K.L.:
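I am attaching a structure below and will ask some questions about it afterwards.
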Amino acid sequence: MDRRDFLLAPSRKTTVTVKAARTWSGLTPYTGDWGTAQVVHLLKRAMFGAKPADVRHFAAMTMDQAVDALIQANTVTPAPPVNHTSTTDTTGVTPGATWVNAPAGNEDLNNTRRTSYKAWWTGLMLNQERTVHEKLVLFWHNHWATETQIVQDARFDYLHNQTLRNHALGNFKAMAKAITLDPAMLVYLNGYLNEKTAADENYARELLELFTCGKGPDSHYEEADVRAAAHVLTGYKVDKVNIRSYFDPSKHDIGNKQFSPWFSNKVISGKTGEMGATELDDMLTIIFAQPEVAKFICRKFYQFFIYYEIDAATETNVIEPLAKIFRDNNYEIKPLLLALFKSEHFYDPLNMSCLIKSPVDFCVGLCREFGVSFAPATDYVNAYGQWRTVQSAAATQQQNIGDPPGVSGWDAYYLAPQFHELWINTDTLPKRNKFVDQIITTGVGGLRIDPVVIADQMPEPANPVYLVRDSLDILYRMGVSDATKTFLKDKILLQGQQQDYYWTDAWNLYKSDPSNTMNKNVVVRHLMELYKYIMNLSEYHLA
């Protein structure tokens, strides 16, 4: 597949009612081969990129052990973002100190803090632990979408990220409550304006349509349910001084709230005083009694981690049993993920090499796989600047973390029929290739790939045949022909030299004296051309 074919690939339509099954595999535990291909597939889906060291680490385990290790929360709580400038800000936050508990400041300061927040978050992805945690934070950010440009207060943005992070592998029902009370969400969807005298239905509508029940063919909530939910949620406010949300009983509607037949005609009795806040728990109990909630969330996990299309066979063999696991475990997220990532469906060859990487996955994964060197976090001026470079690159490719295009998240995760194909267009593909070309040649924003770093991690880098093969095994999720491998070796790595020993001699000469600049430059030049070419081919954009 060349770049033209990749860019012009026909759209594939999504449906849950098609007769022909793409694959009949389901949640039966996987018992097949466990080699480099399967490990790399797992890592590219569960993490950002597959670092050679990570591949070796998980390849030494069984599949069950590897998945068990990945489906864990991070062991270290990340330090909060800091004032990454060289001057004390207008609220008194000194360089290198965190601003997350400082006074709000003016619009310009909040803009600076939002830049700090996005860079900080990118840094966490780049330096992620060997767990699925960071990938899940991005998943939940797309699900519970908010926009920093609308929230405005960077301190609320940080708290929102912490809410996603704290509940990423926990209980989804508890997460729904926490997000409902989250200051950023209260601002973003006007929850703080929702009062008994003027009920605002914005958040209530999205809670049902986008966050819990969905809008599939089996989701039958009514407008009356939106109105009832809005009245349940009256009275919640935000406190910019203490950086929190709170419940104001005087703004709460104490009347009874009637739900539709789809919710079994349940009625939430109005409560007075501080007890009014408990109506939220009553409403979530009603919502989560609906089996469609589990199915809706499982479909979102599936489209993010497996494949964008859910046909009738997948609905029957994967979504329905996965949703049952979710419900049977009281909406705990970890059992769902363990079942999915250990299933024969996950390792089905038809589910490999079939997703176009998101811009964040592309940019962050590239830096991780090639071992790009970053300044330490203690050198906050340079570190934040470098993290910002990666974040900005993804943003120009149409995935600006912190600011998805709307409450539905990024189009590529839900908009049929193109779905992930939306990541690649005549604007974004040249920007991806430009980023690759710059970071491996002249460098960009103080970042540069040293191609020797990744080549040195291959089992036999002195052998050009094995170097090409092993590099492709790590960097690609789609197999290439022997003719392509020969082309990469002869025309790109050897640059027309006739004998393989040309490269072997050059590599061994460099390794015998790494301080010899002339010898290293020869190796770097050849490797640079090889890896630059590999990253510019269509296959590198697939996970």
Side-chain angles (χ1 to χ4, degrees), residues 1-3 6 36 40 43-44 48-56 126 353 357 361-374 389-390 393 397 429-481 483-497 500 502-504 506-507 510-511 514 519-543:
M1 182 192 302
D2 61 24
R3 278 188 286 172
F6 184 81
T36 299
V40 172
L43 295 186
K44 285 184 184 285
F48 294 100
K51 295 171 58 175
D54 290 345
V55 174
R56 292 193 298 271
L126 288 161
S353 314
K357 296 174 185 175
D361 217 347
F362 181 77
C363 295
V364 173
L366 181 155
C367 291
R368 285 175 44 78
E369 287 177 339
F370 282 90
V372 174
S373 179
F374 287 81
T389 294
V390 179
Q397 297 164 25
L429 184 58
K431 288 176 178 175
R432 288 187 179 216
N433 292 335
K434 180 181 179 181
F435 181 66
V436 165
D437 292 347
Q438 287 182 327
I439 200 169
I440 201 169
T441 54
T442 59
V444 54
L447 301 175
R448 188 175 182 179
I449 289 174
D450 180 351
V452 173
V453 171
I454 188 168
D456 215 10
Q457 296 182 71
M458 298 300 114
E460 296 186 50
N463 184 317
V465 175
Y466 294 164
L467 176 59
V468 169
R469 180 200 65 188
D470 296 336
S471 295
L472 291 175
D473 285 347
I474 295 290
L475 300 173
Y476 279 8
R477 286 306 309 118
M478 172 179 283
V480 300
S481 66
T484 298
K485 293 178 182 178
T486 299
F487 172 81
L488 289 171
K489 176 179 72 73
D490 293 346
K491 302 299 183 183
I492 307 300
L493 180 61
L494 299 184
Q495 297 180 18
Q497 296 292 326
D500 288 359
Y502 168 80
W503 170 255
T504 303
W507 178 264
Y510 153 68
K511 292 297 289 183
N519 294 341
K520 181 175 182 178
N521 286 344
V522 170
V523 168
V524 167
R525 185 175 71 252
H526 287 256
L527 288 174
M528 184 185 299
E529 291 301 319
L530 173 67
Y531 289 123
K532 179 171 174 285
Y533 195 91
I534 285 175
M535 287 189 287
N536 276 326
L537 287 178
S538 304
E539 288 84 353
Y540 189 66
H541 297 266
L542 297 172

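Just so it is clear, the model here is predicted, and its values are computed rather than measured. Any value given below was found using the heavy atoms of this structure, including those in side chains, with hydrogens, waters and symmetry copies removed.
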K.L.:
Rounded to the nearest 0.5 Å, what's the gap from OG1 on Thr484 to CD1 on Ile492? Could you check?
P.N.:
11.0 Å

K.L.:
Quick one: CD on Gln495 to CZ on Arg525, what's the gap to the nearest 0.5 Å?
P.N.:
6.0 Å

K.L.:
Just distance, no hydrogens or angles: give the donor-acceptor pairs under 3.5 Å from side chains in residues 458-470, sequence neighbours left out.
P.N.:
unit_1: Asn463; atom_1: OD1; unit_2: Val465; atom_2: N; d: 2.9
unit_1: Asn463; atom_1: OD1; unit_2: Tyr466; atom_2: N; d: 3.3

K.L.:
Grab the two heavy atoms, one from Val523 and one from Ala506, that are nearest each other, plus how far apart they are.
P.N.:
CG2-O, 3.6 Å

K.L.:
How long is the straight-line distance from CE of Met478 back to CD of Glu539, given to the nearest 0.5 Å?
P.N.:
6.0 Å

K.L.:
Looking at Ile454, Ile449, Asp450, which hits side-chain contact (heavy atoms from CB on, under 4.5 Å) with Val372?
P.N.:
Ile449

K.L.:
A side-chain contact here means heavy atoms from C-beta on lying under 4.5 Å apart; do Phe370 and Leu475 qualify?
P.N.:
yes

K.L.:
Under 3.5 Å, is there a donor-acceptor pair between the side chain of Tyr476 and the main chain of Ile534?
P.N.:
yes

K.L.:
Any side-chain heavy atom of Tyr510 sitting closer than 4.5 Å to one from Val522?
P.N.:
no

K.L.:
Would Tyr540 and Glu369 count as having a side-chain donor-acceptor pair, cut-off 3.5 Å?
P.N.:
yes

K.L.:
Which atom pair, heavy atoms only, marks the closest approach of Leu527 to Pro451?
P.N.:
CB-CB, 3.6 Å

K.L.:
Report yes if some heavy atom in the side chain of Gln457 is under 4.5 Å from a heavy atom in the side chain of Lys51; otherwise report no.
P.N.:
no

K.L.:
Do Ser373 and Val453 touch side chain to side chain, with heavy atoms closer than 4.5 Å?
P.N.:
no

K.L.:
Within the distance-only criterion (no hydrogens, no angle test), does the side chain of Asp456 pair as donor or acceptor with the backbone N or O of Val452 below 3.5 angstrom?
P.N.:
no

K.L.:
A side-chain contact here means heavy atoms from C-beta on lying under 4.5 Å apart; do Val40 and Asp473 qualify?
P.N.:
no

K.L.:
Give, for atom CD of Gln438 and atom CG of Asn433, the distance between the pair rounded to the nearest 0.5 Å.
P.N.:
11.5 Å

K.L.:
Looking at CG of Leu429 and NZ of Lys434, how far apart are the two atoms once the value is rounded to the nearest 0.5 Å?
P.N.:
14.0 Å

K.L.:
Find out whether Leu494 and His526 are in side-chain contact, i.e. whether some heavy atom of one side chain is under 4.5 Å from a heavy atom of the other.
P.N.:
no

K.L.:
Flag the pair His541 / Lys357 as yes when at least one side-chain heavy-atom distance between them is below 4.5 Å, and no otherwise.
P.N.:
no

K.L.:
Decide yes or no on side chain to side chain contact (heavy atoms under 4.5 Å, CB included) for Cys367 and Phe48, but give the supporting numbers first.
P.N.:
CA-CA 9 Å; Cys367 291; Phe48 294 100; over 6 Å; no

K.L.:
Can you classify the ring geometry of Tyr533 versus Phe487 as parallel (below 30°), tilted (30 to 60°) or perpendicular (above 60°)?
P.N.:
tilted

K.L.:
Minimum heavy-atom separation for Met528 and Arg448, please, with both atom names.
P.N.:
CE-NH2, 4.1 Å

K.L.:
Quick one: pull up CG in Asp500 and CG in Asp490 and give me the separation to the nearest 0.5 Å.
P.N.:
7.0 Å

K.L.:
Report yes if the side chains of Leu488 and Leu493 come closer than 4.5 Å at any heavy-atom pair, otherwise no.
P.N.:
no

K.L.:
Less than 4.0 angstrom from a charged side-chain N to a carboxylate O is my criterion; do Asp54 and Arg368 meet it?
P.N.:
yes

K.L.:
Can you list the steps and then say if Val436 with Phe362 is a side chain to side chain contact (heavy atoms under 4.5 Å, CB included)?
P.N.:
CA-CA 10 Å; Val436 165; Phe362 181 77; 3.7 Å; yes

